[in-house]
2 protein chains.
Amino acid sequence: MTADFSEIRRNEHLPARIASHIGREIAEGRISPGDRLPTEHLLAKTFGVSRSVVREAIAQLRNEGLVETRQGVGAFVLGPQGRGSIRIEQTALRDPETFRSLFQLRMPLEIEAAGLAAIHHDDTDLKKLDDALARMTGAEKWTDQGIVADLAFHRALATATHNEYFLLFIGFIAERISLAINAARAAAILEEIVEATIAEHVAIRDAMVTRDPMLARAAMRSHLIGAAARLELTLDIF
Amino acid sequence: MTADFSEIRRNEHLPARIASHIGREIAEGRISPGDRLPTEHLLAKTFGVSRSVVREAIAQLRNEGLVETRQGVGAFVLGPQGRGSIRIEQTALRDPETFRSLFQLRMPLEIEAAGLAAIHHDDTDLKKLDDALARMTGAEKWTDQGIVADLAFHRALATATHNEYFLLFIGFIAERISLAINAARAAAILEEIVEATIAEHVAIRDAMVTRDPMLARAAMRSHLIGAAARLELTLDIF
DNA sequence: ATTGTAAGGTTGTCTGATAACCCTATATTC
DNA sequence: GAATATAGGGTTATCAGACAACCTTACAAT
(Lines give C-alpha, C1' and ligand atoms only; values in the text may rest on other atoms or scores of the structure.)
Protein backbone atom coordinates (compact mmCIF):
# COMPACT_ATOMS: atom_id res chain seq x y z
CA MET A 1 0.00 0.00 0.00
CA THR A 2 1.17 3.45 -0.75
CA ALA A 3 1.06 6.17 1.82
CA ASP A 4 -1.36 9.04 1.39
CA PHE A 5 -0.02 12.24 2.83
CA SER A 6 -2.50 14.46 1.10
CA GLU A 7 -4.49 15.27 4.18
CA ILE A 8 -1.70 16.49 6.39
CA ARG A 9 -1.77 19.58 4.25
CA ARG A 10 -0.73 22.29 6.59
CA ASN A 11 -2.39 25.53 7.49
CA GLU A 12 -1.08 27.30 4.41
CA HIS A 13 -1.20 30.65 6.07
CA LEU A 14 -4.46 31.62 7.66
CA PRO A 15 -4.63 35.20 6.37
CA ALA A 16 -4.04 34.06 2.80
CA ARG A 17 -6.93 31.63 2.99
CA ILE A 18 -9.25 34.29 4.31
CA ALA A 19 -8.05 36.77 1.72
CA SER A 20 -8.72 34.36 -1.12
CA HIS A 21 -12.10 33.54 0.41
CA ILE A 22 -13.12 37.17 0.40
CA GLY A 23 -11.48 37.59 -2.99
CA ARG A 24 -13.67 34.83 -4.35
CA GLU A 25 -16.76 36.53 -2.95
CA ILE A 26 -15.76 39.60 -4.91
CA ALA A 27 -14.80 37.77 -8.07
CA GLU A 28 -18.07 35.89 -8.13
CA GLY A 29 -20.02 39.05 -7.64
CA ARG A 30 -21.51 38.38 -4.24
CA ILE A 31 -19.94 41.66 -3.20
CA SER A 32 -20.06 44.43 -5.77
CA PRO A 33 -17.74 47.35 -6.38
CA GLY A 34 -18.54 50.16 -4.02
CA ASP A 35 -19.88 47.87 -1.34
CA ARG A 36 -18.41 48.03 2.10
CA LEU A 37 -16.93 44.92 3.64
CA PRO A 38 -18.09 43.91 7.09
CA THR A 39 -16.08 45.46 9.88
CA GLU A 40 -12.88 43.80 10.93
CA HIS A 41 -14.43 42.88 14.27
CA LEU A 42 -17.33 41.18 12.54
CA LEU A 43 -15.15 39.38 10.03
CA ALA A 44 -12.95 38.16 12.84
CA LYS A 45 -15.94 36.78 14.67
CA THR A 46 -17.37 35.28 11.48
CA PHE A 47 -14.20 33.42 10.55
CA GLY A 48 -13.34 32.61 14.13
CA VAL A 49 -9.93 34.23 14.03
CA SER A 50 -8.36 37.24 15.62
CA ARG A 51 -8.54 40.69 14.21
CA SER A 52 -4.83 40.60 13.33
CA VAL A 53 -5.47 37.83 10.84
CA VAL A 54 -8.37 39.68 9.28
CA ARG A 55 -6.30 42.81 9.04
CA GLU A 56 -3.52 40.96 7.27
CA ALA A 57 -6.02 39.42 4.87
CA ILE A 58 -7.49 42.80 4.04
CA ALA A 59 -4.01 44.23 3.63
CA GLN A 60 -3.37 41.56 1.04
CA LEU A 61 -6.54 42.40 -0.83
CA ARG A 62 -5.53 46.04 -0.71
CA ASN A 63 -2.15 45.21 -2.23
CA GLU A 64 -3.88 43.35 -4.99
CA GLY A 65 -5.98 46.40 -5.66
CA LEU A 66 -9.27 44.68 -4.89
CA VAL A 67 -10.30 46.82 -1.95
CA GLU A 68 -9.49 50.21 -0.53
CA THR A 69 -9.59 51.01 3.16
CA ARG A 70 -10.44 54.36 4.66
CA GLN A 71 -9.60 54.90 8.26
CA GLY A 72 -12.64 55.45 10.36
CA VAL A 73 -14.97 54.41 7.58
CA GLY A 74 -14.34 50.91 6.34
CA ALA A 75 -13.01 48.75 3.53
CA PHE A 76 -14.59 49.16 0.12
CA VAL A 77 -14.54 46.92 -2.92
CA LEU A 78 -13.01 48.56 -5.95
CA GLY A 79 -14.20 48.16 -9.50
CA PRO A 80 -12.28 46.23 -12.11
CA GLN A 81 -10.52 49.52 -12.64
CA GLY A 82 -7.03 49.65 -11.33
CA ARG A 83 -6.63 46.03 -10.40
CA GLY A 84 -2.96 46.38 -10.95
CA SER A 85 -1.96 42.75 -10.85
CA ILE A 86 -2.59 39.24 -12.04
CA ARG A 87 -2.20 36.40 -9.62
CA ILE A 88 -2.46 32.66 -10.05
CA GLU A 89 -2.86 30.32 -7.13
CA GLN A 90 -0.45 27.46 -7.54
CA THR A 91 -2.88 25.09 -5.86
CA ALA A 92 -5.48 25.73 -8.55
CA LEU A 93 -3.18 24.11 -11.10
CA ARG A 94 -3.53 20.77 -9.40
CA ASP A 95 -6.83 20.53 -11.21
CA PRO A 96 -6.03 18.98 -14.61
CA GLU A 97 -8.62 21.04 -16.45
CA THR A 98 -7.23 24.27 -15.02
CA PHE A 99 -3.72 23.20 -15.85
CA ARG A 100 -4.79 22.50 -19.40
CA SER A 101 -6.32 25.97 -19.63
CA LEU A 102 -3.07 27.61 -18.67
CA PHE A 103 -1.12 25.47 -21.11
CA GLN A 104 -3.54 26.46 -23.84
CA LEU A 105 -2.93 30.09 -23.02
CA ARG A 106 0.79 29.57 -23.14
CA MET A 107 0.81 28.26 -26.68
CA PRO A 108 0.03 31.39 -28.71
CA LEU A 109 2.35 33.44 -26.54
CA GLU A 110 5.33 31.17 -27.00
CA ILE A 111 4.69 30.75 -30.69
CA GLU A 112 4.48 34.47 -31.26
CA ALA A 113 7.56 34.95 -29.12
CA ALA A 114 9.49 32.49 -31.25
CA GLY A 115 8.58 34.46 -34.35
CA LEU A 116 9.56 37.78 -32.79
CA ALA A 117 12.77 36.31 -31.44
CA ALA A 118 13.69 35.15 -34.92
CA ILE A 119 13.43 38.74 -36.08
CA HIS A 120 14.95 40.60 -33.16
CA HIS A 121 17.52 38.39 -31.46
CA ASP A 122 21.15 39.43 -31.19
CA ASP A 123 24.32 37.61 -30.23
CA THR A 124 23.77 38.06 -26.51
CA ASP A 125 20.35 36.44 -26.76
CA LEU A 126 21.74 33.57 -28.75
CA LYS A 127 24.43 32.96 -26.18
CA LYS A 128 21.88 32.77 -23.36
CA LEU A 129 19.86 30.32 -25.39
CA ASP A 130 22.88 28.14 -26.05
CA ASP A 131 23.89 28.23 -22.41
CA ALA A 132 20.49 26.94 -21.41
CA LEU A 133 20.65 24.26 -24.07
CA ALA A 134 24.08 23.18 -22.85
CA ARG A 135 22.83 22.86 -19.31
CA MET A 136 19.89 20.84 -20.56
CA THR A 137 22.06 18.45 -22.46
CA GLY A 138 24.63 18.31 -19.70
CA ALA A 139 22.19 17.21 -17.04
CA GLU A 140 22.55 13.44 -17.00
CA LYS A 141 19.06 12.69 -15.91
CA TRP A 142 16.13 15.05 -16.02
CA THR A 143 16.78 16.31 -12.52
CA ASP A 144 15.85 19.65 -11.10
CA GLN A 145 18.82 20.97 -13.01
CA GLY A 146 17.19 20.05 -16.28
CA ILE A 147 13.91 21.67 -15.32
CA VAL A 148 15.66 24.89 -14.39
CA ALA A 149 17.47 24.84 -17.72
CA ASP A 150 14.22 24.31 -19.58
CA LEU A 151 12.73 27.34 -17.88
CA ALA A 152 15.87 29.31 -18.63
CA PHE A 153 15.56 28.41 -22.31
CA HIS A 154 12.06 29.75 -22.58
CA ARG A 155 12.98 32.86 -20.64
CA ALA A 156 15.94 33.42 -22.93
CA LEU A 157 13.70 33.10 -25.95
CA ALA A 158 11.25 35.56 -24.48
CA THR A 159 14.12 37.94 -23.77
CA ALA A 160 15.18 37.69 -27.40
CA THR A 161 11.87 39.23 -28.49
CA HIS A 162 13.16 42.46 -26.96
CA ASN A 163 9.64 43.00 -25.71
CA GLU A 164 9.56 43.26 -21.94
CA TYR A 165 5.99 42.06 -21.68
CA PHE A 166 6.62 38.82 -23.47
CA LEU A 167 9.33 38.10 -20.94
CA LEU A 168 7.11 39.11 -18.07
CA PHE A 169 4.13 37.02 -19.11
CA ILE A 170 5.92 34.01 -20.52
CA GLY A 171 8.30 33.86 -17.59
CA PHE A 172 5.37 33.99 -15.25
CA ILE A 173 3.29 31.38 -17.01
CA ALA A 174 6.11 29.02 -17.84
CA GLU A 175 7.24 29.03 -14.27
CA ARG A 176 3.78 28.26 -12.94
CA ILE A 177 3.52 25.36 -15.37
CA SER A 178 6.97 24.14 -14.55
CA LEU A 179 6.21 24.18 -10.84
CA ALA A 180 2.95 22.34 -11.36
CA ILE A 181 4.63 19.65 -13.43
CA ASN A 182 7.39 19.34 -10.91
CA ALA A 183 4.92 18.91 -8.08
CA ALA A 184 2.85 16.35 -9.95
CA ARG A 185 5.48 14.04 -11.36
CA ALA A 186 5.60 10.95 -9.20
CA ALA A 187 7.28 8.64 -11.65
CA ALA A 188 10.77 9.18 -12.96
CA ILE A 189 10.83 10.54 -16.48
CA LEU A 190 11.85 8.32 -19.32
CA GLU A 191 15.10 8.76 -21.18
CA GLU A 192 13.50 8.98 -24.57
CA ILE A 193 11.18 11.74 -23.50
CA VAL A 194 14.13 13.78 -22.36
CA GLU A 195 15.87 13.21 -25.63
CA ALA A 196 12.82 14.24 -27.61
CA THR A 197 12.46 17.37 -25.52
CA ILE A 198 16.05 18.37 -26.06
CA ALA A 199 15.83 17.70 -29.77
CA GLU A 200 12.81 19.97 -30.01
CA HIS A 201 14.57 22.76 -28.18
CA VAL A 202 17.53 22.49 -30.52
CA ALA A 203 15.13 22.69 -33.44
CA ILE A 204 13.66 25.89 -32.06
CA ARG A 205 17.09 27.36 -31.59
CA ASP A 206 18.16 26.48 -35.11
CA ALA A 207 14.97 27.85 -36.60
CA MET A 208 15.45 31.11 -34.76
CA VAL A 209 18.93 31.74 -36.08
CA THR A 210 17.65 31.52 -39.65
CA ARG A 211 15.70 34.68 -38.83
CA ASP A 212 12.66 33.20 -40.50
CA PRO A 213 9.75 33.91 -38.17
CA MET A 214 7.42 31.34 -39.69
CA LEU A 215 10.02 28.61 -39.30
CA ALA A 216 10.62 29.54 -35.68
CA ARG A 217 6.90 29.60 -35.00
CA ALA A 218 6.45 26.19 -36.53
CA ALA A 219 9.28 24.76 -34.45
CA MET A 220 7.86 26.17 -31.25
CA ARG A 221 4.44 24.96 -32.24
CA SER A 222 5.55 21.36 -32.64
CA HIS A 223 7.48 21.54 -29.41
CA LEU A 224 4.44 22.65 -27.45
CA ILE A 225 2.21 20.11 -29.14
CA GLY A 226 4.78 17.44 -28.35
CA ALA A 227 5.06 18.58 -24.76
CA ALA A 228 1.30 18.57 -24.40
CA ALA A 229 1.14 15.06 -25.78
CA ARG A 230 3.78 13.87 -23.32
CA LEU A 231 1.67 15.36 -20.55
CA GLU A 232 -1.36 13.63 -22.04
CA LEU A 233 -3.10 16.91 -22.68
CA THR A 234 -5.48 17.34 -25.56
CA LEU A 235 -5.52 20.91 -26.75
CA ASP A 236 -7.54 22.68 -29.38
CA ILE A 237 -5.18 22.94 -32.30
CA PHE A 238 -5.75 24.75 -35.55
CA MET B 1 -0.19 84.14 -3.64
CA THR B 2 -1.24 80.57 -4.03
CA ALA B 3 -1.49 78.28 -1.10
CA ASP B 4 0.93 75.40 -0.81
CA PHE B 5 -0.60 72.37 0.82
CA SER B 6 2.08 69.96 -0.29
CA GLU B 7 3.54 69.43 3.12
CA ILE B 8 0.42 68.39 4.89
CA ARG B 9 0.85 65.04 3.16
CA ARG B 10 -0.63 62.57 5.56
CA ASN B 11 0.87 59.48 7.06
CA GLU B 12 0.29 57.50 3.89
CA HIS B 13 0.09 54.24 5.74
CA LEU B 14 2.93 53.41 8.04
CA PRO B 15 3.36 49.76 7.01
CA ALA B 16 3.52 50.74 3.34
CA ARG B 17 6.30 53.17 4.00
CA ILE B 18 8.32 50.59 5.90
CA ALA B 19 7.64 47.98 3.24
CA SER B 20 8.87 50.24 0.48
CA HIS B 21 11.88 51.13 2.60
CA ILE B 22 12.86 47.50 2.99
CA GLY B 23 11.92 46.90 -0.62
CA ARG B 24 14.35 49.57 -1.68
CA GLU B 25 17.08 47.96 0.39
CA ILE B 26 16.47 44.79 -1.58
CA ALA B 27 16.15 46.46 -4.96
CA GLU B 28 19.38 48.35 -4.47
CA GLY B 29 21.19 45.22 -3.44
CA ARG B 30 21.99 46.06 0.14
CA ILE B 31 20.20 42.83 1.03
CA SER B 32 20.79 39.94 -1.34
CA PRO B 33 18.59 36.98 -2.21
CA GLY B 34 18.92 34.32 0.42
CA ASP B 35 19.74 36.77 3.17
CA ARG B 36 17.62 36.81 6.26
CA LEU B 37 15.90 39.97 7.34
CA PRO B 38 16.35 41.15 10.91
CA THR B 39 13.80 39.74 13.31
CA GLU B 40 10.47 41.45 13.63
CA HIS B 41 11.33 42.58 17.15
CA LEU B 42 14.53 44.17 15.96
CA LEU B 43 12.91 45.84 12.96
CA ALA B 44 10.18 47.20 15.21
CA LYS B 45 12.77 48.70 17.52
CA THR B 46 14.82 50.02 14.60
CA PHE B 47 11.93 51.83 12.94
CA GLY B 48 10.37 52.83 16.21
CA VAL B 49 7.04 51.18 15.49
CA SER B 50 5.16 48.24 16.88
CA ARG B 51 5.58 44.69 15.73
CA SER B 52 2.12 44.75 14.12
CA VAL B 53 3.26 47.39 11.69
CA VAL B 54 6.42 45.49 10.85
CA ARG B 55 4.42 42.33 10.35
CA GLU B 56 2.06 44.06 7.96
CA ALA B 57 4.99 45.51 6.04
CA ILE B 58 6.58 42.08 5.72
CA ALA B 59 3.24 40.62 4.67
CA GLN B 60 3.13 43.15 1.87
CA LEU B 61 6.62 42.22 0.72
CA ARG B 62 5.57 38.59 0.82
CA ASN B 63 2.54 39.33 -1.36
CA GLU B 64 4.79 41.03 -3.84
CA GLY B 65 6.97 37.96 -3.89
CA LEU B 66 10.04 39.75 -2.60
CA VAL B 67 10.48 37.78 0.59
CA GLU B 68 9.40 34.46 1.99
CA THR B 69 8.76 33.85 5.66
CA ARG B 70 9.32 30.60 7.47
CA GLN B 71 7.73 30.22 10.83
CA GLY B 72 10.28 29.82 13.56
CA VAL B 73 13.15 30.73 11.27
CA GLY B 74 12.81 34.15 9.74
CA ALA B 75 12.06 36.14 6.61
CA PHE B 76 14.28 35.56 3.61
CA VAL B 77 14.83 37.62 0.49
CA LEU B 78 13.85 35.82 -2.69
CA GLY B 79 15.50 36.05 -6.07
CA PRO B 80 13.76 37.52 -9.09
CA GLN B 81 12.31 34.05 -9.55
CA GLY B 82 8.98 33.12 -8.12
CA ARG B 83 7.28 36.46 -7.89
CA GLY B 84 3.72 35.28 -7.60
CA SER B 85 2.04 38.05 -9.50
CA ILE B 86 2.24 40.18 -12.59
CA ARG B 87 1.92 43.88 -12.20
CA ILE B 88 1.95 46.65 -14.77
CA GLU B 89 2.39 50.26 -13.84
CA GLN B 90 -0.09 52.33 -15.76
CA THR B 91 2.38 55.17 -15.97
CA ALA B 92 4.84 53.00 -17.88
CA LEU B 93 2.38 52.84 -20.76
CA ARG B 94 2.75 56.52 -21.42
CA ASP B 95 5.96 55.60 -23.18
CA PRO B 96 4.94 54.83 -26.79
CA GLU B 97 7.48 52.03 -27.17
CA THR B 98 6.22 50.32 -24.03
CA PHE B 99 2.64 50.74 -25.15
CA ARG B 100 3.52 49.18 -28.46
CA SER B 101 5.09 46.22 -26.67
CA LEU B 102 1.92 45.55 -24.76
CA PHE B 103 -0.19 45.85 -27.87
CA GLN B 104 2.09 43.39 -29.61
CA LEU B 105 1.60 40.97 -26.74
CA ARG B 106 -2.12 41.37 -26.95
CA MET B 107 -2.35 40.32 -30.57
CA PRO B 108 -1.63 36.60 -30.37
CA LEU B 109 -3.80 36.29 -27.29
CA GLU B 110 -6.83 37.88 -28.85
CA ILE B 111 -6.40 36.02 -32.10
CA GLU B 112 -6.16 32.68 -30.36
CA ALA B 113 -9.10 33.62 -28.18
CA ALA B 114 -11.20 34.36 -31.27
CA GLY B 115 -10.42 30.90 -32.60
CA LEU B 116 -11.25 29.20 -29.33
CA ALA B 117 -14.41 31.23 -28.96
CA ALA B 118 -15.54 30.10 -32.39
CA ILE B 119 -15.28 26.53 -31.18
CA HIS B 120 -16.60 26.78 -27.66
CA HIS B 121 -19.11 29.61 -27.47
CA ASP B 122 -22.70 28.98 -26.45
CA ASP B 123 -25.85 31.07 -26.59
CA THR B 124 -25.10 32.91 -23.38
CA ASP B 125 -21.74 34.02 -24.73
CA LEU B 126 -23.29 35.17 -27.96
CA LYS B 127 -25.84 37.20 -26.11
CA LYS B 128 -23.15 39.00 -24.10
CA LEU B 129 -21.30 39.73 -27.30
CA ASP B 130 -24.38 41.14 -28.98
CA ASP B 131 -25.18 43.23 -25.94
CA ALA B 132 -21.76 44.81 -26.10
CA LEU B 133 -22.13 45.40 -29.81
CA ALA B 134 -25.49 47.03 -29.30
CA ARG B 135 -24.07 49.37 -26.70
CA MET B 136 -21.24 50.21 -29.06
CA THR B 137 -23.57 51.03 -31.89
CA GLY B 138 -25.98 52.82 -29.63
CA ALA B 139 -23.45 55.26 -28.28
CA GLU B 140 -23.86 58.32 -30.46
CA LYS B 141 -20.36 59.51 -30.18
CA TRP B 142 -17.41 57.50 -29.03
CA THR B 143 -17.81 58.55 -25.44
CA ASP B 144 -16.74 56.69 -22.36
CA GLN B 145 -19.79 54.56 -22.96
CA GLY B 146 -18.33 53.34 -26.23
CA ILE B 147 -14.99 52.56 -24.67
CA VAL B 148 -16.61 50.56 -21.92
CA ALA B 149 -18.59 48.64 -24.51
CA ASP B 150 -15.45 47.92 -26.51
CA LEU B 151 -13.82 46.50 -23.42
CA ALA B 152 -16.95 44.49 -22.69
CA PHE B 153 -16.86 43.04 -26.19
CA HIS B 154 -13.34 41.75 -25.80
CA ARG B 155 -14.09 40.42 -22.35
CA ALA B 156 -17.18 38.66 -23.68
CA LEU B 157 -15.12 37.08 -26.41
CA ALA B 158 -12.54 35.94 -23.90
CA THR B 159 -15.31 34.50 -21.76
CA ALA B 160 -16.57 32.55 -24.77
CA THR B 161 -13.30 30.63 -24.89
CA HIS B 162 -14.44 28.96 -21.67
CA ASN B 163 -10.87 29.22 -20.54
CA GLU B 164 -10.57 31.25 -17.37
CA TYR B 165 -7.01 32.31 -18.06
CA PHE B 166 -7.79 33.86 -21.40
CA LEU B 167 -10.37 35.98 -19.65
CA LEU B 168 -7.96 36.84 -16.87
CA PHE B 169 -5.08 37.86 -19.12
CA ILE B 170 -7.00 39.46 -21.95
CA GLY B 171 -9.20 41.35 -19.53
CA PHE B 172 -6.14 42.60 -17.75
CA ILE B 173 -4.21 43.61 -20.84
CA ALA B 174 -7.15 45.05 -22.75
CA GLU B 175 -8.06 47.20 -19.81
CA ARG B 176 -4.55 48.55 -19.43
CA ILE B 177 -4.49 49.42 -23.10
CA SER B 178 -7.93 50.94 -22.97
CA LEU B 179 -6.99 53.11 -20.01
CA ALA B 180 -3.80 54.22 -21.70
CA ILE B 181 -5.65 55.18 -24.87
CA ASN B 182 -8.29 56.95 -22.88
CA ALA B 183 -5.68 58.93 -20.99
CA ALA B 184 -3.81 59.87 -24.14
CA ARG B 185 -6.58 61.03 -26.44
CA ALA B 186 -6.88 64.75 -26.34
CA ALA B 187 -8.68 65.24 -29.61
CA ALA B 188 -12.13 63.94 -30.30
CA ILE B 189 -12.22 60.80 -32.36
CA LEU B 190 -13.43 60.89 -35.92
CA GLU B 191 -16.72 59.47 -36.97
CA GLU B 192 -15.29 57.26 -39.67
CA ILE B 193 -12.86 55.65 -37.26
CA VAL B 194 -15.70 54.74 -34.98
CA GLU B 195 -17.62 53.27 -37.86
CA ALA B 196 -14.66 51.23 -39.01
CA THR B 197 -14.14 49.95 -35.49
CA ILE B 198 -17.74 48.89 -35.15
CA ALA B 199 -17.72 47.21 -38.54
CA GLU B 200 -14.67 45.19 -37.54
CA HIS B 201 -16.28 44.09 -34.31
CA VAL B 202 -19.35 42.94 -36.18
CA ALA B 203 -17.13 41.01 -38.55
CA ILE B 204 -15.52 39.24 -35.61
CA ARG B 205 -18.89 38.41 -34.19
CA ASP B 206 -20.18 37.02 -37.47
CA ALA B 207 -17.04 34.99 -38.02
CA MET B 208 -17.37 33.48 -34.58
CA VAL B 209 -20.89 32.24 -35.08
CA THR B 210 -19.82 30.27 -38.14
CA ARG B 211 -17.76 28.18 -35.70
CA ASP B 212 -14.85 28.34 -38.09
CA PRO B 213 -11.80 29.12 -35.93
CA MET B 214 -9.61 30.25 -38.82
CA LEU B 215 -12.22 32.69 -39.99
CA ALA B 216 -12.63 34.12 -36.50
CA ARG B 217 -8.88 34.42 -36.11
CA ALA B 218 -8.57 36.24 -39.40
CA ALA B 219 -11.30 38.67 -38.43
CA MET B 220 -9.69 39.41 -35.10
CA ARG B 221 -6.34 39.74 -36.78
CA SER B 222 -7.55 42.40 -39.20
CA HIS B 223 -9.30 44.22 -36.41
CA LEU B 224 -6.14 44.43 -34.33
CA ILE B 225 -4.05 45.43 -37.30
CA GLY B 226 -6.62 48.08 -38.13
CA ALA B 227 -6.69 49.32 -34.56
CA ALA B 228 -2.92 49.49 -34.49
CA ALA B 229 -2.89 51.46 -37.70
CA ARG B 230 -5.41 53.92 -36.30
CA LEU B 231 -3.12 54.35 -33.31
CA GLU B 232 -0.23 54.78 -35.71
CA LEU B 233 1.55 51.74 -34.36
CA THR B 234 3.78 49.62 -36.53
CA LEU B 235 3.81 46.05 -35.35
CA ASP B 236 5.73 43.03 -36.50
CA ILE B 237 3.23 41.13 -38.55
CA PHE B 238 3.67 37.74 -40.14
C1' DA C 1 -27.67 79.46 7.49
C1' DT C 2 -23.31 78.64 9.26
C1' DT C 3 -20.36 77.00 12.69
C1' DG C 4 -19.12 74.38 16.82
C1' DT C 5 -19.47 70.27 19.57
C1' DA C 6 -20.38 65.81 21.03
C1' DA C 7 -21.22 60.85 20.24
C1' DG C 8 -20.59 56.54 18.10
C1' DG C 9 -18.43 53.64 14.93
C1' DT C 10 -14.31 52.07 12.19
C1' DT C 11 -9.63 51.55 10.96
C1' DG C 12 -4.73 52.25 12.64
C1' DT C 13 -1.34 51.24 16.04
C1' DC C 14 0.45 49.61 20.39
C1' DT C 15 1.42 46.21 24.03
C1' DG C 16 1.93 41.82 25.93
C1' DA C 17 1.13 37.04 25.95
C1' DT C 18 0.77 32.30 24.10
C1' DA C 19 1.11 28.75 20.42
C1' DA C 20 3.54 26.56 16.66
C1' DC C 21 7.65 25.79 14.69
C1' DC C 22 12.68 25.31 13.61
C1' DC C 23 17.35 24.58 14.85
C1' DT C 24 21.02 22.98 17.75
C1' DA C 25 23.07 20.64 21.44
C1' DT C 26 22.88 17.13 24.66
C1' DA C 27 21.33 12.89 26.55
C1' DT C 28 19.67 8.30 25.78
C1' DT C 29 19.34 3.90 23.79
C1' DC C 30 20.69 0.11 20.96
C1' DG D 1 29.72 4.28 17.55
C1' DA D 2 25.39 5.49 15.49
C1' DA D 3 20.76 6.42 15.52
C1' DT D 4 17.08 8.39 18.13
C1' DA D 5 14.81 11.30 21.97
C1' DT D 6 14.62 15.10 24.51
C1' DA D 7 15.26 19.81 26.03
C1' DG D 8 16.25 24.64 25.34
C1' DG D 9 16.26 29.01 23.04
C1' DG D 10 14.95 31.79 19.30
C1' DT D 11 11.53 33.16 15.65
C1' DT D 12 7.27 33.67 13.40
C1' DA D 13 2.03 33.05 13.84
C1' DT D 14 -1.90 34.07 16.26
C1' DC D 15 -4.58 35.86 19.92
C1' DA D 16 -6.61 39.36 23.09
C1' DG D 17 -7.48 43.83 24.63
C1' DA D 18 -6.66 48.59 24.71
C1' DC D 19 -6.10 53.28 23.02
C1' DA D 20 -5.37 56.71 19.19
C1' DA D 21 -6.78 58.78 14.85
C1' DC D 22 -10.29 59.56 11.94
C1' DC D 23 -14.92 59.91 9.68
C1' DT D 24 -19.79 60.57 9.77
C1' DT D 25 -23.89 62.16 11.68
C1' DA D 26 -26.84 64.68 14.65
C1' DC D 27 -27.65 68.33 17.38
C1' DA D 28 -26.70 72.71 19.68
C1' DA D 29 -25.05 77.39 19.47
C1' DT D 30 -24.31 81.58 17.22
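In the text below, chain A, chain B and the rest are named by the order of the sequence lines, each starting its count at 1.
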Item checked: Glu40(B), nearest nucleotide to its side chain (from dA13(D), dC14(C), dT11(C)) -> dA13(D)

Check: Would you call Arg230(A) and Glu200(A) a salt bridge, using N to O less than 4.0 angstrom?
Finding: yes

Item checked: Atom-pair distance (CG on Leu14(A); C1' on dC21(C)), nearest Å -> 15 Å

Checklist line | Closest nucleotide among dT14(D), dT15(C), dT10(C) to the Val53(A) side chain | finding: dT14(D)

Checklist line | Value in whole Å for how far the P atom of dT13(C) lies from CD1 of Ile18(B) | finding: 9 Å

Next item on the list: Between dT14(D), dT12(D), dT11(C), spot the one nearest the side chain of His41(A), thanks.
Entry: dT11(C)

Checklist line | Integer-rounded Å distance: dC23(C) P and Arg70(B) CZ | finding: 7 Å

Check: Which nucleotide in the set dT11(C), dC14(C), dT12(D) lies at the smallest distance from any side-chain heavy atom of Thr69(B)?
Finding: dT12(D)

Checklist line | Side-chain heavy atoms of Arg106(A) within contact of Arg176(A), under 4.5 Å | finding: no

Next item on the list: Provide, to the nearest angstrom, the distance between the CD atom belonging to Glu68(B) and the C1' atom belonging to dT11(D).
Entry: 15 Å

Next item on the list: In whole angstrom, give the distance that lies between atom CZ of Phe76(A) and atom C1' of dC23(D).
Entry: 10 Å

Notebook entry, point to check: Which comes earlier along DNA chain D counting from the 5' end, the contact point of Ser52(A) or that of Gln71(A), where each point is its nearest nucleotide?
Noted result: Ser52(A)

Note to self: Nearest whole Å is fine: how far is dT10(C) P from Leu42(A) CG?
What the structure shows: 9 Å

Next item on the list: Could you tell me whether Asp131(A) and Arg135(A) have a side-chain N and a carboxylate O separated by less than 4.0 Å?
Entry: no

Checklist line | Plane angle bin for His223(A) and His154(A) - parallel if under 30°, tilted between 30 and 60°, otherwise perpendicular | finding: parallel

Item checked: Side chain of Arg55(B) - closest among dT12(D), dT13(C), dC14(C) -> dT12(D)

Margin query: From the set dT12(D), dA13(D), dT14(D), return the single nucleotide nearest to any side-chain atom of Thr39(B).
Written below: dT12(D)

Notebook entry, point to check: Taking atom C1' of dA13(D) as reference, at what distance in whole Å does atom CD of Glu56(B) sit?
Noted result: 15 Å

Check: Across the strands shown, which category fits Arg51(B) at heavy-atom distances under 4.0 angstrom: base, sugar-phosphate, nothing?
Finding: base

Notebook entry, point to check: Phe99(B) ring centre to Arg94(B) NZ or CZ under 6.0 Å, with the angle to the axis within 45°?
Noted result: no

